[in-house]
Amino acid sequence: MSKIHAAITAVNGYVPEYVLTNKELESIVDTTDEWITSRTGIKERRILKGEGLGTSDMAVHAVNGLLKKRGITAEEIELIIFCTTTPDLPFPASANILADKIGAKNAWGYDLQAACSGFIYGVSTGAQFIESGKHKKVLVVGGDKMSSIINYQDRTTCIIFGDGCGAVLLEPNEEGFGVMDSILRSDGSGRQFLHQKAGGSARPASHETVDNHEHAVYQEGQAVFKFAVTNMADVAAEIMDRNNLTSEDVTWLVPHQANKRIIDATASRMGVGSEKVMINIQRYGNTTNGTIPLCLWEWESQLKKGDNIILAAFGGGFTWGSVYLKWAY
Ligand code: UT7
């Protein structure tokens, strides 16, 4: 019997309607469109407005569209891996909440927390359940309502992040398409440079933590940049080497969208021209777990069966990694 690979058989995405432009940010913090564009590549980002709406509400849109595209019902889903840094609630898992909202009555699920590398970790771990034969339909969701953990008085972080969510379906493939390889890495000593200070068990919420904006993203941008630019490029080059892929063999690079300069450095290290790189950071900013599936969704109509695709990400933790997959449809 030929080896079972986990293939992406459907992809969909959702971004909220509200557009937060650099121009509007100029009226909120001391910044300029010119600074944001030249330092990050971002022009605008989407914000989820509406009382009581969380990350799972964006996932409902993405997943319902995905099920329709694939022509299956929610009851057929066996496992939901919800990659997010902004779950609806500390518990239960957003995977459970999503399963209830879409009617995935036969699924079990869990949330996966790996900051901006979450979707890569999710695809890689979801693939194991397919390859082992345990499951035949695994939903990997990547999404964040980053606006819920942003201090809109902090110009160093509020210009970067946005809200959005994407999802892919993994199914078995015995024709040699799907996830071929993955490299996942982490270094917890990097947590000091990018984290949320309060709201966890070490520092529960209090009046003081709220007053100090400790429930918002804390980032030392330059330090993170230095690690991101090296590690994301290294891991993407490593997965190419390990699979004997030349830059000509790579059809698409799908990088995490944190900073256009990090994306360009990764592509350059791989020797891949800009025409092969999916970039939508200018419109959505950094949606954390949403960036890679949102790119796949947006470029879906251009993808062809057999395309060699490299996913690469770097994020808080630190976490980073790369996935090599052969597109299956
Ligand atoms: O996705 C998870 C992983 N995260 C990342 O990969 C993010 C990595 N880091 C970055 O993308 C960049 O470091 C940032 C975009 C966050 C910042 O860009 P930078 O080029 O590293 O700027 P910087 O922090 O070195 O700041 C340069 C200057 C400073 O002013 P002085 O000290 O030189 O006077 C900042 O105060 O720019 C100032 N600055 C701003 N100016 C206008 C910082 N933020 C802003 C702003 N508008 N929004």
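As the structure lists them, so they are numbered: ligands from 1, and atoms in each ligand from 1. Just so you know, these numbers come straight off a predicted model, no measurement behind them.
Of all protein heavy atoms, the one closest to atom 20 (O) of ligand 1 is R39 NH2, 2.8 Å. Among protein heavy atoms, the minimum distance from atom 19 (P) of ligand 1 is reached at R261 NH2, 3.9 Å. The protein heavy-atom contact nearest to atom 47 (N) of ligand 1 is T31 OG1, 2.7 Å. Nearest protein heavy-atom contact of atom 9 (N) of ligand 1 is G221 O, 3.1 Å.
Checked by atom type, the side-chain pair D33/T37 shows a donor-acceptor distance below 3.5 Å. The closest side-chain donor-acceptor pair between K197 and H195 falls under 3.5 angstrom. A donor and an acceptor atom, one from each side chain of T84 and N289, are nowhere located under 3.5 Å apart.
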Problem set entry | Intermediate values then yes/no, side-chain contact (heavy atoms from CB on, under 4.5 Å), L253 and K276 | CA-CA 6 Å; L253 164 65; K276 292 182 172 184; 5.9 Å; no

For this session: Would you sort out whether S117 and H256 count as a side chain to side chain donor-acceptor pair (under 3.5 Å), showing the intermediate values?
Result: CA-CA 8 Å; S117 310; H256 171 53; over 6 Å; no

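Residue T40 places a heavy atom under 4.0 Å from ligand 1.
Distances from atom 6 (O) of ligand 1 to the heavy atoms of I262, N259, D33 put I262 nearest. Nearest to atom 25 (O) of ligand 1 by heavy-atom distance, out of Q257, R155, Q222, E220, is Q222.
W297 and Y284 have their aromatic ring centers separated by at least 6.0 angstrom.
Checking atom 45 (C) of ligand 1 against the protein gives a heavy-atom contact under 4.0 Å. Within a 4.0 Å radius of atom 29 (C) of ligand 1, the protein contributes no non-hydrogen atoms. In this structure, atom 33 (O) of ligand 1 has no protein heavy-atom contact shorter than 4.0 Å. Within 4.0 Å of atom 4 (N) of ligand 1, at least one protein heavy atom is present.
Counting the atoms of ligand 1 from 1 in the order shown, those under 4.0 Å from a heavy atom of C116 are 1 (O), 2 (C). Proximity to H256 (heavy-atom distance under 4.0 Å) selects the following atoms of ligand 1: 1 (O).
Residue-to-ligand polar distances place N286 within reach of ligand 1: an N/O pair is separated by less than 3.5 Å. The shortest N or O to N or O distance between A258 and ligand 1 is not under 3.5 Å. For ligand 1, one of its N or O atoms has an N or O atom of Q219 under 3.5 Å away.
Contacts between T288 and ligand 1 below 4.0 angstrom, taking non-hydrogen atoms only, are absent altogether. Only side-chain heavy atoms of I160 come within less than 4.0 Å of ligand 1; its backbone N, CA, C and O stay farther off. Looking at W35 against ligand 1, only its side chain comes within 4.0 Å, counting heavy atoms.
Rounding to the nearest 0.5 Å gives a distance of 7.5 Å between CG of L170 and OG1 of T9.
Taking 4.0 Å as the cut-off between side-chain N and carboxylate O, R70 and E76 do not count as a salt-bridged pair. Salt bridge annotation for R269-D234: present, with a cationic side-chain nitrogen under 4.0 angstrom from a carboxylate oxygen. Using a cut-off of 4.0 Å between Lys/Arg side-chain N and Asp/Glu carboxylate O, E171 and K137 are scored as salt-bridged.
T266 contributes a side-chain N or O that, together with a main-chain N or O of I262, makes up a donor-acceptor pair within less than 3.5 Å.
Under the 4.5 Å side-chain criterion, counting only non-hydrogen atoms from C-beta, F318 is in contact with F193.
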